[in-house]
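Let me begin by presenting the structure, written as structure tokens, before commenting on it.
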Amino acid sequence: MIVGIDLGTTNSLIGVFEKGSTTLIPNVFGQNLTPSVVGISDEGEVLIGAAATDRLVTNPQLTASAFKRSMGTSQTFRLGSQKFRPEELSALVIKSLVRDAEIYLGRRVTEAVISVPAYFNDTQRNATRAAAEIAGLKVERLINEPTAAALAYGLHDDKRENTFLVFDVGGGTFDVSVIELFEGVVEVRASAGDNYLGGEDFLDVLEAIWHEKTKVGELSSTLKAQLRQAAEQAKRCLNRDQVVSFGIQRNDSFIQCSISPSEYESRIAPLLMRLRRPVELALRDARIAVESLDEVVLVGGATRMTSIQRLVAKMFGKLPLRHIEPDEVVARGAAVQAGLKMRSEELDDIVLTDVCPYTLGIESSRELAPGDYAHGIMSPIIERNTLIPASRLQTYSPIHDNQRVLSIGVYQGEARQVSNNIKLGEFEVQLPRGNVAEETLVDVRFTYDENGILEVIATVRNTGDEKRLVITRNSGQMSKREIEAALKSLEKLKIHPRDQDENIAMLNRANRIYEQRLGYEREQIGKLIDQFELILEGQDPHEIREFRLELQHCLNALEFRE
Ligand code: AMP
């Protein structure tokens with residue numbers, strides 16, 4: 001049985017797709033949301049979820065929360081005498097969810113689709129996979145949270161074309177994604193976000209206000225946890241009440257402060273500002289204007305904040321959608337994807353596409369003046385927000401004549417200097433003896449798929465020598481044979497768009513009409529051909545498809561007008 005799991009910073013959920021719809025599975029307390037909290041009882045037993053949440057206050061030194069934020073880092077959490085890595089704590093949460101699901105379903109759960117923020121890098125994704133493995137699950141697939149949200153909503157929509165933006169503010173992460181839905185296809189056009197912005201930051205503001213107003217300094221860890229719980233309640237009340245008071249019991253006195261929604265709003269203004277930039281970035285990457293969005297979807301518990309809802313309405317000039325509980329959307333989407341994986345007939349027509357969240361490229365040198373080079377410059381090959389699976393080719397030359405080897409350092413990230421990006425691997429290609437730098441061309445092809453397999457092939461054009469490196473982010477999850485099979489299925493992507501039949505045919509037709517016409521019409525067709533060739537060089541299938549359609553319309557209008 002494959003389940004869908006939303007492994008959240010604050011809460012986690014598990015669901016299944018059955019009989020054409022999603023069901024979220026309640027935990028032993030009858031709740032769909034299991035707090036992502038792990039604790040150790042006084043007897044040394046592991047406590048998970050609500051049982052551990054209570055102990056955040058009474059036994060903070062034996063309880064861990066918000067560990068999703070540390071996924072992929074070397075940070076450890078000390079619970080009493082034991083140390084845990086974030087993926088081990090996540091594994092305990094996953095195990096508890098799976099146990100609840102097995103009792104509820106009366107079946108073994110062996111595989112899962114797990115959601116991750118779109119902005120998680122490879123290390124963070126690896127850690128998530130590792131968490132599931134430790135919990136004894138095979139990860140069918142990691143799904144970006146906004147993609148899952150799109151799936152959850154896509155099913156409720158009819159098949160009309162739809163462009164929308166997913167605005168997801170969870171406990172610790174903020175994700176924005178621009179999604180296109182057409183003919184049963186869900187396509188993520190762009191995503192952006194902030195790994196370190198979420199509901200928890202709004203809590204920090206309330207805590208800071210409490211300290212300022214009460215003039216109470218450092219608190220013991222027990223009192224700190226008590227204050228956090230009180231602030232959480234206050235944050236929710238601020239959505240509806242005029243003035244909210246919150247505080248903690250210290251010795252004989254209750255130390256509290258009051259705050260009005262307007263005061264709160266002015267204090268959280270910098271956080272609200274930080275929600276704007278990723279929206280602008282995602283829309284720009286997707287080349288979509290705010291006005292072209294059909295809907296805005298709210299996801300994540302923190303979008304229940306009225307200040308965030310107001311900001312969204314103002315930014316987009318429309319009220320956001322909230323048919324589904326904002327903290328259940330992702331889990332329902334992951335369950336839909338699990339259903340897809342189990343080949344439920346109801347979902348056969350939904351094809352899922354995804355984007356590459358970071359730019360992938362190689363280290364290069366740039367000639368500033370003759371003989372003067374800047375080294376360590378990132379040369380992007382597959383750019384951020386490229387639809388995956390994707391395959392792109394760039395051509396490079398050595399710097400010096402008779403250079404014997406070309407080093408190919410593979411990196412992930414947006415920075416211009418590779419030293420600020422993440423290094424994924426490196427290899428060398430031998431160059432022919434006595435070569436002339438300018439005439440020595442090395443084609444570097446990157447092929448990247450939704451399983452996170454990156455294949456890099458460098459081919460020396462003059463000799464035909466080829467070197468290949470395969471980088472996988474799912475350590476040990478897929479066997480060598482599975483990886484080769486996945487790469488084989490990507491073979492057809494490796495044909496350069498200019499050599500693909502549909503594009504050749506379109507160019508032939510355009511050239512034929514160009515030859516037949518004269519004057520202004522010829523000039524117009526010539527311009528369209530130039531533009532199409534430029535777009536083909538960009539190798540972006542989405543752009544190519546769109547322009548090819550446009551070109552087809554223009555040519556039809558010309559040919560069939562008379
Ligand atoms: P999630 O990770 O989607 O479960 O989101 C959890 C975050 O949502 C936490 O920071 C909560 O404080 C926040 N949250 C949940 N409900 C509300 C609410 N009614 N008002 C404000 N924040 C909320």
Side-chain angles (χ1 to χ4, degrees), residues 4-15 24 26-27 31-37 49-50 52-53 56 65-71 86 89-90 93-94 97 114-120 128 143-146 148-149 152 166-177 193-207 209 225 227-241 244 246 259 261 264-265 267-268 271-272 274-275 297-312 320 322 324-334:
I5 293 178
D6 170 8
L7 191 58
T9 311
T10 333
N11 295 298
S12 295
L13 301 90
I14 186 163
L24 295 182
N27 58 27
Q31 306 287 329
N32 289 346
L33 271 67
T34 296
S36 308
V37 182
T53 314
L56 271 175
S65 64
F67 32 85
K68 179 173 174 178
R69 281 194 157 182
S70 311
M71 289 289 268
L89 295 170
S90 300
V93 174
I94 294 175
L97 294 173
I114 301 184
S115 60
V116 286
Y119 245 52
F120 254 23
T128 308
I143 181 169
N144 285 329
E145 286 165 8
V166 181
F167 192 96
D168 178 354
V169 195
T173 50
F174 172 44
D175 282 296
V176 181
S177 289
D194 191 331
N195 271 347
Y196 296 94
L197 180 59
E200 301 281 319
D201 299 283
F202 290 84
L203 264 195
D204 290 345
V205 170
L206 275 177
E207 273 181 26
I209 292 172
L227 178 63
R228 203 147 184 90
Q229 232 173 34
E232 175 69 47
Q233 278 310 315
K235 186 170 76 164
R236 291 166 190 232
C237 293
L238 277 162
N239 294 331
R240 46 170 208 271
D241 297 345
V244 172
F246 68 101
I259 180 166
Y264 178 55
E265 183 110 10
R267 292 294 298 268
I268 58 172
L271 293 178
L272 294 175
R274 278 173 63 194
L275 292 170
V297 179
L298 292 188
V299 177
T303 61
R304 289 205 177 91
M305 282 178 61
T306 41
S307 321
I308 293 187
Q309 288 173 11
R310 264 201 306 275
L311 173 90
V312 170
R322 283 183 54 197
I324 309 176
E325 284 298 321
D327 33 25
E328 293 185 353
V329 179
V330 169
R332 289 192 186 276

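Atoms considered below: every heavy atom in the structure, side chains included; atoms not considered: hydrogens, waters and symmetry mates. First listed ligand is number 1; within each ligand, the first listed atom is number 1.
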(message) Checking D168 against T303 for the side chain to side chain contact (heavy atoms under 4.5 Å, CB included) test, could you report, in this order, the C-alpha distance in whole Å, the side-chain angles of both residues, the deciding distance, and whether it holds?
(response) CA-CA 7 Å; D168 178 354; T303 61; 6.0 Å; no
(request) Sequence neighbours left out, what passes salt bridge (charged side-chain N to carboxylate O under 4.0 Å, His left out) with R228? Give chain and number order. (result) E200, D204, E207
Ignoring hydrogens and geometry, is there a side-chain-to-backbone donor-acceptor pair from [X] to [Y] under 3.5 Å?
X   : Y    : value
K68 : S36  : no
R69 : G172 : yes
S65 : V37  : no

(request) Could you pull out every protein residue that has a heavy atom closer than 4.0 Å to ligand 1, ordered by chain and then number? (result) T10, N11, G170, G171, G199, E200, E232, K235, R236, N239, G300, G301, A302, R304, M305
(request) Taking atom types as modelled, find out whether S12 and T34 have a side-chain donor-acceptor pair closer than 3.5 angstrom. (result) no
